[in-house]
Amino acid sequence: MKKRAIRICAAAAALFAFAVLFAFADESNSVTIKGDGVTREMTYTLEDLQKLTEGVYSAAYSSENNWPNEKISYAKGVTLEYLLQQAGVKSDASLIRVTSSDGYYKTFTYDQLTADDKYSFTAGGTQKVKTILAYQRSSESMGTLQSCSPVLTMGQHTKGEQTYPWFVQDVAEIEVMTEEPETWPAVTFTKKITANGVEVTPVHEALNSVKIYYTTDGSAPSQSSNLYNVSATYYQPDLNKPILVTKNTEIKAIAVGPGKTDSPAASVSVVFSDDSFLDLDGYEWAQSAIEELAAKKVINGMGNGRFAPEGQLTRAQFAKMVVLALGYEPAADYQARFSDIKAGEWYTPYVLKAAELGLIDGYTNGTFRPSQTLKKEEMVKIAACAAAKAGEIDRADLSVLDSSSATSPWAKKYVAFAEEKGILEHGHVALIKNGKLVFAGTNTANRAEAASVIAQMQKAI
């Protein structure tokens, strides 16, 4: 009884294997060529295709999928060009939609399947190949071809092109159309400032349907250019690396994909200069001040097109900025004015000059603390002193300050005077609440605020 059960299971397994083989090579499968781009509708069974003697073609097709992963497909079939000729393809045919038996379809421009030169890149060399409807395939060799349902099979424009997703399996219908193909939308770009340079990322609304090719020398991009989206975003998106730019560069890019003509070339320039910065998005309120002061060498960038507007300032850094903004030279001779300001430090001549001008004071213990971060109220005191005439600060109207302002008592007259002279930008450096000035004087000043205050101080003098 046990042996009989084993024989039944073995027979069932053989029957299942036969059914799978039959499904794989079902000769009842048929392919219909139709559409307003042909003069007559034609239908071929798998057997019809296999019996054709004209248009028969075989080759090893190199391809790559979206992982990415190289593949070689050995295939034999009938050229698409021959089949279209038999259907009386019209001269204005422009689109071809290839649909599988399960309803999946892929649309191509007519040229993408028939006119463009395509190649196979294998260990045996580079060979120009034709687009075919394959009825025999193998992943091993031409000598191991096996019958299969029709598969749209094509070559690559360049080595590494990801054409494998374009291989439509179990083709049931080829519709040829005369409607004008659309054009893929242009690529756009985003920029990100990093310590190593500027990262430029190409952006496209159909990133998984197109491939983005780009150049960095200003030349026109093509499918032989650098490829940005090496992988589809749902496989290995980490392979799609931003373009790192470390010198003046013009990037041009196109989007290429099936069913539409290539996008127009889009371009973006990255320019590094001493007075133009790439990281001022969100700091437009201070941009003109930053760029004007940079052009006058009052302030410096951080390299690679970075200004770091959100960065903190030290007391010594601001002392230098104010001295330069006022047009003074740094002190020529060293004086032991503060116990922690030593000869030979980069900031020493500027701190001494600022002290000589009466713009800065030290602490009661005789120190200046050059490396200590600068508070906003300290920044405003220095600017106010630079812009004031004798006695003006003491006459400032303190009532302009809102009671909620986090400002030290000693600093209020300087803040009130700075407001009177238009030194305080409203919206970022200070705020207006119910007609009163709200000033967070005890907060740390950033580089954008400092540039704004210095630029307004220059106008107030």
Side-chain angles (χ1 to χ4, degrees), residues 22-59 61 63 73 75-118 129-137 145-157 162-184 206 209-210 256-262:
F22 182 77
F24 184 69
D26 184 0
E27 296 195 357
S28 67
N29 287 355
S30 62
V31 178
T32 298
I33 303 172
K34 66 176 190 176
D36 65 353
V38 294
T39 58
R40 52 187 171 272
E41 183 174 308
M42 300 194 69
T43 298
Y44 294 88
T45 65
L46 181 60
E47 183 179 10
D48 292 335
L49 293 173
Q50 293 171 333
K51 287 181 178 180
L52 291 173
T53 57
E54 294 185 67
V56 178
Y57 185 85
S58 60
Y61 289 83
S63 63
S73 300
K76 180 179 179 180
V78 184
T79 67
L80 180 63
E81 182 182 19
Y82 175 81
L83 294 173
L84 295 179
Q85 288 175 348
Q86 302 312 299
V89 65
K90 298 178 182 178
S91 60
D92 58 348
S94 56
L95 288 173
I96 300 177
R97 178 174 295 139
V98 183
T99 305
S100 68
S101 58
D102 63 1
Y104 171 82
Y105 68 88
K106 204 78 174 175
T107 303
F108 306 86
T109 68
Y110 185 84
D111 287 347
Q112 285 170 342
L113 289 184
T114 63
D116 293 353
D117 289 341
K118 299 184 186 65
V129 292
K130 297 181 179 181
T131 300
I132 65 172
L133 205 59
Y135 51 69
Q136 289 183 347
R137 296 179 78 197
L145 292 174
Q146 292 187 356
S147 182
C148 65
S149 297
V151 180
L152 180 70
T153 307
M154 68 203 69
Q156 298 170 298
H157 291 94
Q162 295 176 342
T163 53
Y164 194 72
W166 296 6
F167 287 21
V168 180
Q169 314 285 328
D170 303 321
V171 175
E173 184 178 279
I174 299 173
E175 184 179 4
V176 185
M177 298 167 281
T178 58
E179 65 184 83
E180 189 70 22
E182 296 180 4
T183 298
W184 286 109
S209 298
V210 300
V256 178
K260 299 181 183 181
T261 58
D262 299 349

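Although no hydrogens or angles enter the test, the distance criterion places a donor-acceptor pair under 3.5 Å between the side chain of Tyr61 and the main chain of Lys130. Here the side chain of Ser94 pairs a donor or acceptor atom with the backbone of Glu179 at under 3.5 angstrom. Of the possible polar contacts, none joining the Lys76 side chain to the Val56 backbone as a donor-acceptor pair under 3.5 Å is found. A distance-only check finds no donor-acceptor pair linking the side chain of Arg137 to the backbone of Pro150 [under 3.5 Å]. Between the side chain of Trp184 and the backbone N or O of Gly257, at least one donor-acceptor pair lies under 3.5 Å. Formation of a donor-acceptor pair under 3.5 Å by the Thr163 side chain with backbone atoms of Trp166 is not found in this model. In this structure a side-chain-to-backbone donor-acceptor pair under 3.5 Å is present from Gln112 to Gly259.
Across all their heavy atoms, Ala134 and Cys148 have their closest contact at O-SG, 4.0 Å. Counting all heavy atoms, side chain and backbone alike, Tyr57 lies closest to Val129 at OH-CA, 3.4 Å. Contact detail for Asp117 and His157: the closest heavy-atom pair is O-CD2, 3.7 Å. Minimum interatomic distance between Pro165 and Tyr104 (heavy atoms only, all atoms of both residues): O-OH, 3.8 Å. Of all non-hydrogen atoms in Val38 and Lys90, the two that sit nearest each other are O-CE, 3.6 Å. Nearest heavy-atom pair across Ser63 and Phe167 is CB-CZ, 4.1 Å.
Looking at Asp111 and Thr109, their side chains never bring a donor and an acceptor atom within 3.5 Å of each other.
The distance from the CD1 atom of Ile174 to the OG1 atom of Thr32 is 9.0 Å, given to the nearest 0.5 Å. Rounded to the nearest 0.5 angstrom, Thr153 OG1 and Leu133 CG are separated by 7.5 Å. For the atom pair CD (Gln136) and CD (Gln50), the distance works out to 6.5 Å, reported to the nearest 0.5 Å. Rounding to the nearest 0.5 Å gives a distance of 5.0 Å between CE of Met177 and CG of Leu95. Expressed to the nearest 0.5 Å, how far OG of Ser101 lies from CD of Glu173 amounts to 11.5 Å.
Inter-residue side-chain proximity for Asp102 and Asp170 is flagged as unmet; no heavy-atom pair is nearer than 4.5 Å. Contact of the Ile96 side chain with the Leu84 side chain is registered, since non-hydrogen atoms from C-beta on lie closer than 4.5 Å. Annotation: side chain of Thr131 is not in contact with side chain of Thr114 (no heavy-atom distance under 4.5 Å). In this structure, Leu83 and Leu49 have side chains that are in contact, with non-hydrogen atoms separated by less than 4.5 Å. The shortest distance between side-chain heavy atoms of Tyr44 and Leu52 falls below 4.5 Å. Side-chain contact check for Ser73 versus Val151: every heavy-atom pair is 4.5 Å or farther apart.
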Steps toward side-chain contact (heavy atoms from CB on, under 4.5 Å) verdict (Lys260, Ser209)
CA-CA 10 Å; Lys260 299 181 183 181; Ser209 298; over 6 Å; no
Go through the steps for Leu113 and Met154 under the test side-chain contact (heavy atoms from CB on, under 4.5 Å), then give the verdict.
CA-CA 8 Å; Leu113 289 184; Met154 68 203 69; 3.9 Å; yes
After noting the C-alpha distance and the side-chain angles of Lys118 and Gln156, does the key distance pass the side-chain contact (heavy atoms from CB on, under 4.5 Å) rule?
CA-CA 5 Å; Lys118 299 184 186 65; Gln156 298 170 298; over 6 Å; no
I'd like to know whether Gln85 forms a side-chain contact (heavy atoms from CB on, under 4.5 Å) with Glu54, so could you lay out the CA-CA distance, the side-chain angles of the two residues, the decisive distance to 0.1 Å, and finally the verdict.
CA-CA 12 Å; Gln85 288 175 348; Glu54 294 185 67; over 6 Å; no
What verdict does the side-chain hydrogen bond (donor to acceptor under 3.5 Å, both in side chains) test give for Asp92 and Thr178, after you've listed the backbone C-alpha separation in whole Å, the side-chain angles of each residue and the deciding distance to 0.1 Å?
CA-CA 6 Å; Asp92 58 348; Thr178 58; 4.7 Å; no
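Crowding of Tyr105 atom OH: a count of heavy atoms from other residues, nucleotides or ligands under 6.0 Å not exceeding 12. At most 12 non-hydrogen atoms from other residues, nucleotides or ligands lie less than 6.0 angstrom from CD of Glu81.
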